[in-house]
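The structure appears right after this line, and notes come after that.
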Amino acid sequence: MDRTVAVPSVRAEPARLRLTRAWETRTVSEAAFGRLLGLFVLLVVVASAAGLGRGAAAQTFLLIFSSIVIEALPFILVGALASAAIAVFLPERAFGSIARLPLALQIPSAALGGFAFPVCECGSVPVARRLIARGVHPGAGITFMLASPVLNPVVLGSTWVAYGGHARGAEMVAGRASLGLLAAAVAGVAVGRKRGADLLRPRATDHEHDHGGDGAGRATAFSSHLVSDFLFMGKFIVLGAALSALVQAAVPQTVLGKVGGAPVLAPLALMAVAYVLSLCSEADAFIAASFTSFSPGAQLAFLVLGPIADLKLSVLYGATFRGWFVPRLLLVTVPLILTGSVVFGVLIR
């Protein structure tokens, strides 16, 4: 008898999911970053040898670029240390108590939890998924996800330093914390009305890692998280600093002044820049402060929207939540942030 063995059909994985997995494992992005960084160094060497770096524009670019990177890297290191410590040493049951609170307390508790958990926006997405999957109300999970990259102490400290401390630094910290908290809470209420099963994409695992075992195993896991997070966040600040320095060195100040002085166009322009740059929230204040042609209100819009929605987060959101999540999130947060930044600009004059 001729027996035919049935071979189960294997579905081709969609290109978007392959891109998402590659981005989350950082394989493609780090390789691309290495090539870009090598090309940048090569161009700098060639330009210096040819005497092209003696012009005013080139000197401006190098000064702005180096100052941003040097100021931001210590905060990226601190943020990577905190993120690695949370991933390895903080037990999952630390978040479980939130799910037992009444709904009226879950959202504000989740928002204020950002002060205690210094994780960047990339790290807050898998944490939010675990919270929702373990019974936390979706609104509370989303609120924590959006609030923690803005309210954590590393971000607020870097914002204060980036704006020179004193009164202006305190104003920007207060504005960022209050508007970020408001945007996170409103988005949590508006977007998190669905049940967890209707909000999350089905997945066998929620990126949970078992770091139990002896001290050597935990030390290895901590080192791995630290190096990976530092490289992941550092590459964005390098590219962001290069783009910021290029814009300010190449674009005439009269053009930037016209856009930066518009009360509505300026915040929208910097929100678009924040979405494209995809900076880490623990060092983006140094980029925002470098846009001196724009008002503090426009810079605040940059600081608040970036940790909520950008290109890299859109990829992570697409792998974590349903397809309607990103459009609805932007529809809720962009008008709110625009209004808040305009009001902030009027109040601090």
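Since the model is a prediction, treat every value here as computed from it, not as a measurement. Scope of the values below: all heavy atoms of this structure, side chains included, with no hydrogens, waters or symmetry mates.
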Checklist entry - When clusters are formed by joining ILVMFWY residues with side-chain heavy atoms under 4.5 Å apart, either directly or through shared neighbours, do M172 and V273 land in the same one? => result yes

Checklist entry - Atom CZ in F344, atom OG1 in T339: separation rounded to 0.5 Å? => result 15.0 Å

Next on the checklist: Distance check, rounded to the nearest 0.5 Å: Y317 atom OH versus L329 atom CG?
Outcome noted: 6.0 Å

Checklist outcome for this item: Residues A147 and A111: closest non-hydrogen pair is CB-O, 3.7 Å

Checklist entry - Do the side chains of V332 and L336 get nearer than 4.5 Å, heavy atoms only? => result no

Checklist entry - Given V304, which of L182, V150, L338, L179 fulfils the side-chain contact (heavy atoms from CB on, under 4.5 Å) condition? => result L179

Next on the checklist: How close do A183 and I308 get, counting heavy atoms only, and between which atoms?
Outcome noted: CB-CD1, 3.9 Å

Checklist entry - When clusters are formed by joining ILVMFWY residues with side-chain heavy atoms under 4.5 Å apart, either directly or through shared neighbours, do I287 and L268 land in the same one? => result yes

Item to check | Expected output: side-chain T143 to main-chain G139 donor-acceptor under 3.5 Å | outcome: yes

Checklist entry - Which pair of non-hydrogen atoms, one from A289 and one from Y163, has the smallest distance, and what is that distance? => result N-OH, 3.6 Å

Checklist entry - Quick one: OG on S281 to CG on L151, what's the gap to the nearest 0.5 Å? => result 10.0 Å

Next on the checklist: Nearest 0.5 Å, please: how far is CG in L300 from OG in S178?
Outcome noted: 7.5 Å

Checklist entry - Under the 3.5 angstrom rule, does the side chain of R176 hit a backbone N or O of L303 as a donor-acceptor pair? => result yes

Next on the checklist: Under 4.5 Å between side-chain heavy atoms, counting indirect links through other Ile/Leu/Val/Met/Phe/Trp/Tyr residues: same cluster for F294 and V264 or not?
Outcome noted: yes

Checklist entry - Between NE2 of H166 and CH2 of W160, what distance do you get to the nearest 0.5 Å? => result 6.5 Å

Checklist entry - Would M271 and V186 show up in the same hydrophobic cluster when neighbours are defined by side-chain heavy atoms closer than 4.5 Å? => result yes

Checklist outcome for this item: When rounded to the nearest 0.5 Å, the distance separating OG1 of T159 from CG of D284 is 6.5 Å

Next on the checklist: Would you say that I142 contacts F325 through its side chain, given a criterion of any heavy-atom pair below 4.5 Å between the two side chains?
Outcome noted: yes

Checklist outcome for this item: Tightest non-hydrogen contact, residues A285 and S158, listed as CB-O, 4.1 Å

Checklist entry - So if you build clusters from Ile, Leu, Val, Met, Phe, Trp, Tyr with side-chain heavy-atom gaps below 4.5 Å, do M145 and I107 land together? => result no

